[in-house]
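Counting starts at 1 for both ligands and their atoms, following the listed order. Just the heavy atoms: all of them, side chains too, but no hydrogens, waters or symmetry mates, feed the values below.
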Amino acid sequence: MNDMQTVKVALFSPEQDRSYPIYIGNALLEQVDLLLPHLPQKRVAIVTNTTVAPLYLDRFRRALERYGICSVAIILPDGEDHKNWQTLNLIFDALLKQRCERKTTLIALGGGVVGDLTGFAAATYLRGVPFIQIPTTLLAQVDSSVGGKTGINHPLGKNLIGAFYQPRMVLTDSATLTTLSDRELRAGIAEVIKYGLIRDADFFMWLEQNITGLITRNADILNKAICRSCEIKAEIVAADERESGMRALLNLGHTFGHAIENAMGYGVWLHGEAVAAGTIMAADLSKQLKFISESDFKRIYSIFQKVGLPVIAPKLSPDDYLSLMKLDKKVEEGRMRFILLRRIGEAMMSHDIPASTLRETLLTCMANE
Ligand SMILES: NC(=O)c1ccc[n+]([C@@H]2O[C@H](COP(=O)([O-])OP(=O)(O)OC[C@H]3O[C@@H](n4cnc5c(N)ncnc54)[C@H](O)[C@@H]3O)[C@@H](O)[C@H]2O)c1
Ligand SMILES: [Zn+2]
């Protein structure tokens, strides 16, 4: 094992200490010794999908076997379209048929879709069973596997049904990213850049200097980027697990981004792509309100552009944008909430954006045709 790093997610409540480690490194998939202390029984159920299974499932199961752990595999259809009740039920059917018990750990092996579905299954199967995440997309490694949000989509909206449920541990093997498509990798980088912007100016500068290494999947650079991203998300989640305040800062670019995803039809723009264009819009708003300078705006624009992420939002009428933005879960009592940049490395929340300023940003940041 080379240079493994551990990020601790510190979650204490009066009843319980639900803190857990995230192990990050290159080629950790077969390090079953890291899992062992977290398994109450020598039996696990691995939930994965039809894309990830042929790549990593056998290797992982053989490693488990070497440690005397037997596993049940549940292979789901791939895709956001399957993040629903029907697929959740496939998990329950398999668990029940195989007589999985209270102590059988559910392991999610895959991207955010598999992680969110498996986490929700773990939260509810037999009123809760142990859960471990092995995220295999960059987005899942830096975002969805950290913080305990689990759930499924409803035909009327994304992620509307779910639970907060923390895993026992997260095992992040950055070597799994070698098989990820360029487009998915870049979409994940959008969230990494977001962490620098909202909380760590030095990390943002480091990303500016190392962006080529990140795109070309240099192992050390990937590990460092994943590690710092997880640390930042873990700090924010530890301070505000249930999103009553600070956790909302993680949504920089997301109100605009969700409107873009929705307008284009889910799946046409990847989430990270919409977040990239959305972050440029949030940066433009911050510039108009005189928080960040023109040169800071250019740095933000240019890093997304170098990654090959969209920097221009699709053309819609400003009214269409506004009505889509009002659908966002983050709207409170009808008031739209925006995450802005006070400066690079510090985000803030604002409820009071003048309508004319918002309109100006929409018109400036969107494509002409
Ligand atoms: N729980 C949270 O806090 C949270 C946060 C952000 C996003 N999410 C959710 O995460 C989901 C998006 O996650 P995602 O971007 O990982 O998408 P995804 O899970 O759909 O994965 C993207 C694609 O990559 C494939 N894939 C996964 N690992 C691979 C690998 N190593 N090699 C090759 N292909 C691989 C998948 O099968 C899929 O086709 C959304 O449903 C979103 O709502 C949740
Ligand atoms: Zn996001």
Which residue and non-hydrogen atom of the protein lie closest to atom 25 (C) of ligand 1, and at what distance in Å? T51 CG2, 4.3 Å
Validation row: I232, D200 side chains within 4.5 angstrom (heavy atoms): yes
Heavy atoms only, cut-off 4.0 Å: how does E80 contact ligand 1, side chain, backbone, both, or neither? side chain
Go through ligand 1 atom by atom and flag the ones less than 4.0 Å from a non-hydrogen atom of Y56. 31 (N)
Is the contact between N49 and ligand 1 made by the side chain, the backbone, both, or neither, using heavy atoms and a 4.0 Å cut-off? side chain
Can you check whether T150 has an N/O within less than 3.5 Å of an N/O in ligand 1? no
Would you indicate whether the side-chain heavy atoms of Q141 and T176 approach each other to under 4.5 Å? yes
Quick one: look at D116 and ligand 1, take heavy-atom pairs under 4.0 Å, and tell me if it's side chain, backbone, both or neither. side chain
Ligand 1 versus V52: contacting region, heavy-atom distance under 4.0 Å: side chain
Atom 42 (C) of ligand 1 has as its nearest protein heavy atom K83 NZ, 3.8 Å
Taking N or O atoms only and a 3.5 Å limit, does D78 qualify as a polar contact for ligand 1? yes
Less than 4.5 Å apart, any side-chain heavy atom of I303 and any of L207? yes
Check the pair T104 / Y125 against side chain to side chain donor-acceptor pair (under 3.5 Å), numbers first and verdict last. CA-CA 10 Å; T104 310; Y125 182 65; over 6 Å; no
How far is atom 10 (O) of ligand 1 from the closest protein heavy atom, and which atom is that? G112 CA, 3.4 Å
For D296, is there an ion pair with R343 - N to carboxylate O distance below 4.0 angstrom? no
Between F256 and F338, does the ring-ring contact (aromatic ring centres under 6.0 Å, His included) criterion hold? Intermediate values first, please. CA-CA 9 Å; F256 294 112; F338 286 91; 5.6 Å; yes
Can you list the ligand 1 atoms lying under 4.0 Å from a non-hydrogen atom of E184? 22 (C), 23 (C)
Intermediate values then yes/no, side chain to side chain donor-acceptor pair (under 3.5 Å), K83 and N159: CA-CA 9 Å; K83 194 173 144 182; N159 297 325; 2.6 Å; yes
Do the rings of Y301 and F297 sit parallel, tilted or perpendicular, given the 30° and 60° boundaries? tilted
Under the criterion side chain to side chain donor-acceptor pair (under 3.5 Å), I'd like the reasoning laid out for S174 against N223: C-alpha separation, chi angles, the key distance, then a yes or no. CA-CA 7 Å; S174 58; N223 283 333; 2.7 Å; yes
Atom 18 (P) of ligand 1: nearest protein contact (heavy atom, Å): V113 CG2, 3.9 Å
Under 4.0 Å from one or more heavy atoms of L55, ligand 1 contributes atoms 32 (N), 33 (C)
Can you tell which of T136, T179, L185, T176 gets a heavy atom nearest to atom 28 (N) of ligand 1? T136
If we ignore hydrogens and angles and just use 3.5 Å, is the side chain of T48 paired with the main-chain N or O of I75 as donor and acceptor? no
Please state which protein non-hydrogen atom is closest to atom 7 (C) of ligand 1 and give its distance, to 0.1 Å? L139 CD2, 3.7 Å
Can you tell me the protein heavy atom closest to atom 21 (O) of ligand 1 and the distance? T137 CG2, 3.6 Å
Cationic N near anionic O, under 4.0 Å, R247 to E241: no
Any idea which part of Q141 is under 4.0 Å from ligand 1, heavy-atom wise: side chain, backbone, both or neither? neither
Starting from atom 35 (C) of ligand 1, which protein heavy atom do you reach first, and at what distance in Å? L180 CD1, 3.7 Å
Using a 4.0 Å heavy-atom cut-off, say whether N159 meets ligand 1 through its side chain, its backbone, both or neither. side chain
The Zn ion (ligand 2) to E191: nearest N/O/S atom name: OE2
With a 3.5 Å distance limit and no angle check, can you tell me whether D319 reaches the backbone of L322 through a side-chain donor-acceptor pair? no
If we only count heavy atoms from C-beta on, is the I107 to T105 side-chain gap below 4.5 Å? yes
In the protein, what heavy atom is nearest to atom 2 (C) of ligand 1, and what distance, to one decimal place, separates them? S144 CA, 3.5 Å
To the Zn ion (ligand 2), the closest N, O or S atom belonging to H271 is NE2
Test item, K233 contacting ligand 1 (heavy atom, 4.0 angstrom): yes
